[in-house]
Amino acid sequence: MSKEFKSYSMELAGRTLRVDIGRVAAQANGAAFMHYGDTTVLSTATASDKPRDGIDFFPLSVEYEEKMYAVGKMPGGFNKREGKASENAILTSRVIDRPMRPLFPKDYRNDVTLNNLVMSVDPDCSPELTAMLGSAIATAISDIPFDGPCATTQIGMVGGFFVVNPNEEQMAVSDLKLTVASTRDKVIMIEAGANEIPDEKMIEAIYKADSVNKEIIAFIDKIVAEVGKEKHAYTAFVIPEELTAAIKEIVPPQEMEVAVFTDEKQVREENIKAITQRLEEAFADKEEWLPLLGEAIYQYQKKTVRKMILKDQKRPDGRAMNQIRTLAAETDIIPRVHGSAMFTRGQTQICNIVTLAPLAEAQKIDGLNLLETTKRYIHQYNFPSYSVGETRPSRGPGRREIGHGALAERALIPVLPTPEEFPYAIRSVSETFESNGSTSMASTCSSCMALMAAGVPIKKMVAGISCGLVTGDSDDDYVLLTDIQGLEDFFGDMDFKVTGTDSGITAIQMDIKIHGLTKDIVKGAIARCHEARDFIMDTCMKLCISEPRKELSPYAPKISQIQINPSKIGDVVGKQGKTINKIIEDTGVKIDISEEGLVSVAGTDQTMINKAIDIIRGITIEIETGMIMRGTVVRILEFGAFVELAPGKDGMVHISKLSDKRVEKVEDVVKIGDEVTVKVVKVDPIKGRIDLSMKTSDFE
């Protein structure tokens with residue numbers, strides 16, 4: 001017998017969203033079997049029974065699992081099994097995490113896992129969006145403490161019109177890729193990639209998504225009212241008031257202000273280290289307090305910094321609320337690479353290196369989106385421990401590094417030249433030399449300059465900056481902070497990153513620690529970031545490099561292209577690749593041929609590139625009567641000589657056509673290997689035979 005379950009549905013952007021509760025995964029704390037069109041995702045929320053010992057943070061993990069069977073594909077690789085999460089899966093997990101995390105209790109220490117299993121994909125219904133909604137529903141109906149629900153909507157813009165939850169084809173041509181999560185009252189998460197969208201248009205799109213989110217939340221409320229579990233009690237992690245009072249007696253608020261009021265991260269850390277040592281000595285006989293001391297000092301710093309900013313209008317490093325730290329930029333600091341630039345903002349420093357390669361080296365993508373199979377522009381971000389004065393082994397890029405690289409990548413994509421304009425694959429790598437706040441935005445600035453230094457003809461300059469927030473007791477009690485440093489990020493309520501040109505926005509990523517932002521805060525942050533990025537470009541970046549260089553680095557590959565008839569591709573490749581491999585062997589170039597017949601020839605020696613193109617042109621040319629061509633004598637018989645006009649294309653010069661004079665022996669005029677100029681006197685379209693002449697009279 002089939003299991004009884006509850007099913008709920010609503011119309012969402014012209015498609016049916018259905019949620020089955022109680023049908024599967026009954027042992028999870030909460031489970032939502034999501035169906036959006038034919039897209040199917042199982043979203044579950046589970047929590048441990050007890051808090052994890054020895055931690056001072058909420059241990060939330062979010063997983064988004066892409067299964068190749070969802071699109072009828074076999075996984076690649078020897079094992080034919082899904083391996084580590086793809087970049088898209090990691091980025092989707094981060095987008096789910098960001099609006100959900102602030103809605104859990106701050107003092108909750110039980111392990112929580114939100115898992116999303118993608119089981120089928122309908123190209124008209126985003127599996128990522130379905131998983132975002134599924135995580136919110138599974139958690140809301142569970143017994144896990146959660147101040148939700150929240151809902152998520154995607155907005156595209158096609159032909160100047162907004163599209164709610166666009167399908168794959170619409171998203172591929174959209175000028176906007178916006179994801180917005182909301183609670184009942186406020187926006188809680190924004191992520192966007194955009195083709196220079198004006199500030200006002202972006203705000204309009206954000207609140208169009210917010211209005212749809214409110215409809216979804218009403219739908220979720222109905223589900224929770226009928227099948228939601230009572231939230232379980234938990235052991236709260238609270239600092240005893242006695243400990244807080246004792247700390248303040250030893251370290252008065254004025255002393256803590258002095259300790260944190262500096263623009264040098266190392267000085268601040270030394271000050272806090274000294275305070276910590278004093279307190280550890282003072283509380284040596286209070287063994288029950290010592291495990292809580294680190295968190296208590298952290299909370300003391302946080303309250304001090306927030307009070308200084310909100311009430312005293314003073315930032316820890318003494319800057320004005322809209323002031324950007326000292327800026328510096330330079331290019332070509334790394335020799336022999338194809339392009340390099342370094343951007344410094346205060347104690348944040350990023351060096352970016354650009355590498356150019358033939359389009360054949362573009363990254364191949366094996367994912368659930370069947371329209372996206374390659375990626376031509378790749379931005380990667382690295383964050384070594386020395387950049388923050390720490391020591392730990394390198395284990396490869398984590399989710400944070402992948403997310404920062406993807407944000408900087410989205411920022412530059414709208415200004416890149418098309419493959420037809422610039423036939424290169426481009427890899428941009430940001431190396432973090434020093435970090436004290438918003439390295440992803442410094443990566444955007446440095447990568448823009450490195451691209452220009454490499455000679456990539458980007459259409460406009462792009463810069464990025466982060467805006468922070470400290471809130472008080474009411475919606476109107478807040479302060480916006482331009483260019484937040486690490487301390488303001490840790491203790492503040494928001495990290496609102498915006499990149500763009502002087503004309504519009506190219507990317508947004510918003511992280512917050514509170515239960516949402518008012519419209520005034522969103523508008524204020526976007527305006528503040530626009531003002532700041534213009535300042536960065538005008539006073540720093542443009543003074544370093546104002547436009548893309550006209551010439552590529554001598555170490556970069558040169559690429560030339562020709563268009564051939566697609567029916568001739570087989571002639572260029574040859575039987576078992578013999579023809580194309582012979583061209584590559586003789587010239588040392590790389591050759592890439594598209595299905596449309598666009599041939600890209602890459603190498604470091606332009607002479608060899610030209611030679612390869614001449615050979616390809618010769619192979620694909622339609623030989624017609626009257627053409628004058630150069631060729632090589634490859635065979636001699638008694639009655640004439642065979643001349644290779646192109647690989648696989650020979651013509652014959654009859655002995656009577658070798659010269660205007662009488663010729664006794666063919667060898668008297670030509671030898672094998674001679675290069676000769678010939679005229680095509682006849683082409684047999686049926687037999688494919690080509691008759692040639694070397695007689696001067698035939699050339700007249």
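- Between Lys214 and Asp185 there is no salt bridge, since none of the side-chain N atoms of the basic residue sits less than 4.0 Å from a carboxylate O of the acidic one.
- Using a 30° and 60° split on the angle between ring planes, Phe104 and Phe146 fall in the tilted class, from 30° to 60°.
- When all heavy atoms of Ala45 and Leu114 are compared, the closest pair comes out as CB-CD2, 3.6 Å.
- The pair Asp221-Arg184 meets the salt-bridge criterion, since a charged nitrogen lies less than 4.0 angstrom from a carboxylate oxygen.
- Defined by atom type and a distance below 3.5 Å, a donor-acceptor pair is missing between the side-chain atoms of Gln380 and Glu401.
- The pair Arg325-Asp483 counts as a salt bridge, with a side-chain nitrogen and a carboxylate oxygen less than 4.0 angstrom apart.
- Under the 3.5 Å distance criterion, with hydrogens and angles disregarded, a donor-acceptor pair is assigned to the side chains of Tyr234 and Asp107.
- Ring centroids of Tyr298 and Phe491 are separated by less than 6.0 Å, placing the two rings close together.
- For the residue pair Asn115/Glu65, the side-chain donor-acceptor check at 3.5 Å is satisfied.
- Side chains of Glu257 and Thr304: a donor-acceptor N/O pair is absent below 3.5 angstrom, by distance only.
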In sequence, state the C-alpha distance, the side-chain angles, and the governing distance for Gln349 and Phe343, and then conclude on side-chain contact (heavy atoms from CB on, under 4.5 Å). CA-CA 6 Å; Gln349 187 178 66; Phe343 179 82; over 6 Å; no
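- For the pair Lys314 and Phe261, the cation sits on the ring face: its NZ or CZ lies under 6.0 Å from the ring centre, inside 45° of the axis.
- Residues Thr39 and Ser126 fail the side-chain proximity criterion, which asks for heavy atoms closer than 4.5 Å.
- Sorted by first and then second residue, the side-chain hydrogen bond (donor to acceptor under 3.5 Å, both in side chains) pairs with a member in residues 511-524 read Arg98-Asp511, Asp147-His515; sequence neighbours excluded.
- Between the OG1 atom in Thr183 and the CD1 atom in Ile514 there is a gap of 10.0 Å [rounded to 0.5 Å].
- Look at Lys177 and Glu191 and you find no salt bridge, because none of the NZ, NE, NH1 or NH2 atoms lies under 4.0 Å from a carboxylate O.
- Side-chain contact, Glu66 with Asn88: a donor N or O sits under 3.5 Å from an acceptor N or O.
- A pairwise comparison of heavy atoms in Arg410 and Ala192 identifies NE-O, 3.4 Å as the closest pair.
- Listed by chain and number, the residues in a side-chain hydrogen bond (donor to acceptor under 3.5 Å, both in side chains) with Glu295 are Gln299 (sequence neighbours excluded).
- Taking a cutoff of 4.0 Å between a charged side-chain nitrogen and a carboxylate oxygen, Lys497 and Asp495 qualify as a salt bridge.
- Within the 4.5 Å cutoff, no side-chain heavy atoms of Val267 are placed close to those of Glu269.
- Judged by distance alone, the side chains of Asn213 and Ser182 do bring a donor and an acceptor atom under 3.5 Å apart.
- No donor-acceptor contact under 3.5 angstrom links the side chains of Asn436 and Thr348, judged on distance only.
- Between Asp475 and Lys186, at least one side-chain N (NZ, or NE/NH1/NH2) sits under 4.0 Å from a carboxylate O, which counts as a salt bridge.
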Criterion side-chain contact (heavy atoms from CB on, under 4.5 Å) on Leu480 and Met321, from CA distance to verdict: CA-CA 7 Å; Leu480 291 172; Met321 299 301 165; over 6 Å; no
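- Ion pairing between a basic and an acidic side chain is recognised when a charged N comes within 4.0 Å of a carboxylate O; Lys375 and Glu409 show such pairing.
- Using a cut-off of 4.0 Å between Lys/Arg side-chain N and Asp/Glu carboxylate O, Glu390 and Arg392 are scored as salt-bridged.
- Using a 4.5 Å cut-off on side-chain heavy atoms (C-beta onward), Thr153 and Val180 make no contact.
- Both tests pass for Arg400 against the ring of Phe383: distance under 6.0 Å to the centre and angle within 45° of the axis.
- Applying side chain to side chain contact (heavy atoms under 4.5 Å, CB included) to Met441 and the options Val498, Leu407, Ile350 leaves one that passes, Leu407.
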